[in-house]
> 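Below you will find the structure I want to go over with you.
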Amino acid sequence: MSEPSRRRGRRAPKIGPFLLTGGLLGLVAGLVISALGPATNRYGAMGELGFLGLGCAALGVLLGGIVFVLLDRRA
């Protein structure tokens with residue numbers, strides 16, 4: 001009886017954790033920028049918080065996707 005051969009599989013990263021982490025880090029960055037930035041009369045405090053939070057979260061998801069693609073090509 002022969003031993004089963006061990007094949008080495010491709011260990012690729014999963015995209016979900018990269019996008020989620022990027023989005024959360026972007027959201028936190030947007031909230032910090034909103035809290036520490038100067039107050040404006042154009043938008044209310046919650047509106048500014050929402051715009052910056054969601055905008056930075058979208059940028060974070062984009063950056064997370066770029067990091068995923070770079071790491072996936074290495075694997």
Side-chain angles (χ1 to χ4, degrees):
M1 191 172 216
S2 65
E3 274 188 44
S5 63
R6 288 188 177 177
R7 286 193 299 177
R8 186 171 180 197
R10 180 174 177 258
R11 293 189 50 168
K14 295 182 181 185
I15 193 166
F18 282 91
L19 297 180
L20 183 64
T21 303
L24 288 176
L25 289 175
L27 179 66
V28 169
L31 296 177
V32 168
I33 291 169
S34 176
L36 297 178
T40 61
N41 293 333
R42 187 176 232 185
Y43 302 109
M46 293 304 289
E48 183 179 336
L49 188 94
F51 286 133
L52 279 173
L54 290 177
C56 289
L59 286 175
V61 168
L62 178 67
L63 290 175
I66 290 170
V67 170
F68 167 78
V69 168
L70 293 175
L71 290 177
D72 188 43
R73 288 183 187 222
R74 279 187 63 203

> Are Leu25 and Val67 connected, step by step, through hydrophobic side chains (Ile, Leu, Val, Met, Phe, Trp, Tyr) whose heavy atoms are closer than 4.5 Å?
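Looking at the clustering, Val67 is in a separate group from Leu25.
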> Mind checking whether Val28 and Leu63 sit in one hydrophobic cluster, side chains of I, L, V, M, F, W, Y counted as touching below 4.5 Å?
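No, separate clusters.
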> Look at the side-chain heavy atoms of Ile, Leu, Val, Met, Phe, Trp and Tyr, link any pair under 4.5 Å apart, and say whether Val32 and Leu24 land in one connected group.
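No, Val32 does not connect to Leu24 through the hydrophobic network.
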> Are Val69 and Leu71 co-members of a hydrophobic cluster defined by side-chain heavy atoms under 4.5 Å apart?
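Cluster IDs for Leu71 and Val69 match.
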> For the atom pair CG (Leu54) and CG (Leu59), what is the distance rounded to the nearest 0.5 Å?
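Going from CG on Leu54 over to CG on Leu59, the span is 11.5 Å.
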> So, taking the atom named CD1 in Ile33 and the one named CG in Leu49, what distance separates them when rounded to the nearest 0.5 Å?
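Output value for this atom pair is 11.5 Å.
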> Do any pairs count as a ring-ring contact (aromatic ring centres under 6.0 Å, His included) and have a residue in residues 12-32, sequence neighbours left out, and if so which ones?
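The answer is Phe18-Phe68.
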> Treat each ILVMFWY residue as a node, draw an edge where side-chain heavy atoms are under 4.5 Å apart, and state whether Met46 and Leu31 are in one component.
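In one cluster: yes.
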> With side chains defined as the heavy atoms from C-beta onward, is the minimum distance between Leu70 and Ile66 less than 4.5 Å?
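Side-chain contact under 4.5 Å: yes.
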> Please name the pair of heavy atoms, one in Asp72 and one in Pro13, separated by the smallest distance, quoted to 0.1 Å.
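That closest heavy-atom pairing would be OD1-CD, 3.9 Å.
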> So which atom in Gly26 and which in Cys56 form the shortest heavy-atom distance, rounded to 0.1 Å?
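Looking at all heavy atoms of both residues, the closest pair is O-CB, 3.0 Å.
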> Could you grab the distance from atom CG of Leu19 to atom CD1 of Ile15, nearest 0.5 Å is fine?
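Reported to 0.5 Å precision, the distance equals 4.5 Å.
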